[in-house]
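As structure tokens, the structure follows; a few thoughts come after it.
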Amino acid sequence: MLSKTPIFVLVDCNNFYASCERVANPSLEGKPLVVLSNNDGIIVARSNEVKALGIPMGAPLFKCKDVLQNAGARVFSSNYELYDDLSGRVISVLKTFTDNVEVYSIDEAFMEIADLPVEKYTDFGNAIREKVKLETGIPVSVGIAGTKTLAKAASELAKKNKQYGGVLSFVGLSELEIDAFLSKLPVEDVWGIGRQYTKLLNAHNVTNALEFKNLYPAFVKKKMTVGGLRTQMELKGVSCFELEMGVSPKKGICSSRSFGKPVTEITGLREAVSVYVSRACEKLRSQGSVAAGISVFILTSRFVDRQKKYFGVRHKKLLSYTNSTAIFIESAFDILARIFRQGYLYKKAGVFIYDIKQDTSYQHSLFNYANNEKFSRLSGLVDDINRRHGKESVFYASSGCTRDWRMSRKYLSSEDVFGIKLFATAK
DNA sequence: TCTGGGGTCCTAGGACCC
DNA sequence: TCTGGGGTCCTAGGACCC
């Protein structure tokens, strides 16, 4: 018997960043290993050995440095060039099975399949797992079911329960059999249920996915809006989320970073804001869009006394749509001058570009910038040069040359946080 | 000393219009 | 002056995702 309805396959890379470091450097295999966030602040990826130590996702490095060192763990800054590259390779392998691949995130993809006999799906999952491992070195978990949320649930269970061998398929199972699996999945591991909803549900004695599935829909709708209701429907096997293959243009583009060390003067902030605006505008142009809104924000550390804390933000509407870095930088500097207060230790700044439209659809304004066209061509030229000759071959002088506020990435590839030497990362 | 970054969707409430 | 409904658009804020 063939499956009647479309079947979703979720492929989830295990401990993705940690696995990437191992692909780049096989001598790390079997050793405890973590990868840090930007600025080497918190832990964003852990190998299984580190998970076993009880170190949670998102833990600040300074709080668990001792535990990690005692366990002989290796600690790395994140290396997004490497992760992007390997992510692309994994997707290429998936596309050899079907064209229906939705790239959901850097380490996850949904596939849609319709024409296999129901008993063949587990084999299909195993084939994916083996081929991805063989051709990229990345271990993955696979979940297969009639809805995206159930496929996610299956992959969670596959990842956490060794006996499934990394693949779990709900296809062909009775509702009762699926319920048995859902009762083993903590409600906080359901896709769409985060920290706040978990708290709410726990307070109503709902602790696993099955209990959530059996809640009154009216209660779910009232407390968790239609999003929660859709999640519940999906657990019941009613598909509410389709496969989304096209890349839709961003509706808002944010660029922000914490500083490697605090900035006190407006000159440093101007450099940073200039860099972030350049980055955001580059993204804007690369998706063929223009925009007419910009926000700038600056803030101090969250971990200081109240009187030393400051958060400044302001928005500005431009007179017309543009994608010119120069025009956005000018506006950003206006805003910055208004929100800057002397006497604070700034830890982070960022810009947000909004009110985005596709290039072709915007109306020319009566008050169009006199030099909009010219600036646009200039920005396009800058993008070309940077594509050809590498990032930031050309940049705005306002972005500065010293940039001593730059984020730190101290443990990139060659030497980790404990000073242990490694081979250079293969690229 | 050291605590990430970049998105999406939904709702409530206010402004404004007829 | 007061009374009222119904609609749209926009924004802020809160939830979620990885």
- Which nucleotide in the set dT3(B), dG4(B), dC10(B) lies at the smallest distance from any side-chain heavy atom of Thr225(A)? dC10(B)
- Message: Could you work out, with side-chain hydrogen bond (donor to acceptor under 3.5 Å, both in side chains) as the rule, every residue matching Lys31(A), not counting sequence neighbours?
- Response: none
- Query: To the side chain of Lys152(A), which of dC18(C), dG6(B), dC16(C) is closest?
  - Reply: dC18(C)
- Using atom NZ of Lys221(A) as one end and atom P of dA15(C) as the other, report the distance to the nearest whole Å. 18 Å
- Query: Which one, dT11(B), dC9(B), dG4(B), comes nearest to the side chain of Val226(A)?
  - Reply: dT11(B)
- Checking dC9(B), dG4(B), dC18(C) against the side chain of Lys251(A) (C-beta onward), the nearest is dC9(B)
- Item | Out of dC2(B), dC17(C), dC10(B), whichever nucleotide has its closest atom nearest the side chain of Arg230(A) | dC10(B)
- Using the criterion of both pairing distances under 3.5 Å for Watson-Crick and G-U wobble pairs, give all stems of 3 or more consecutive pairs involving DNA chain C. B:5-18 with C:5-18
- Of the listed nucleotides dG4(B), dG6(B), dG7(B), the one nearest the side chain of Ile253(A): dG7(B)
- Query: What is the distance, rounded to the nearest whole Å, between atom CZ of Arg257(A) and atom P of dT3(B)?
  - Reply: 15 Å
- Message: How many whole angstroms separate atom NZ of Lys250(A) from atom C1' of dT8(B)?
- Response: 9 Å
- Quickly work out the Leu345(A) CG to dC2(B) C1' distance and round it to whole Å. 15 Å
- Spacing of Asn38(A) atom CG relative to dC2(B) atom P, expressed in whole Å: 17 Å
- Task: Name the residue closer to the 5' end of DNA chain B, choosing between Lys283(A) and Phe62(A) according to the nucleotide with the nearest heavy atom.
- Result: Phe62(A)
- Item | Spacing of Ile42(A) atom CD1 relative to dG5(B) atom P, expressed in whole Å | 9 Å
- Task: Apply side-chain hydrogen bond (donor to acceptor under 3.5 Å, both in side chains) to Lys222(A) and list each qualifying residue two or more places apart in sequence or on a separate chain.
- Result: none
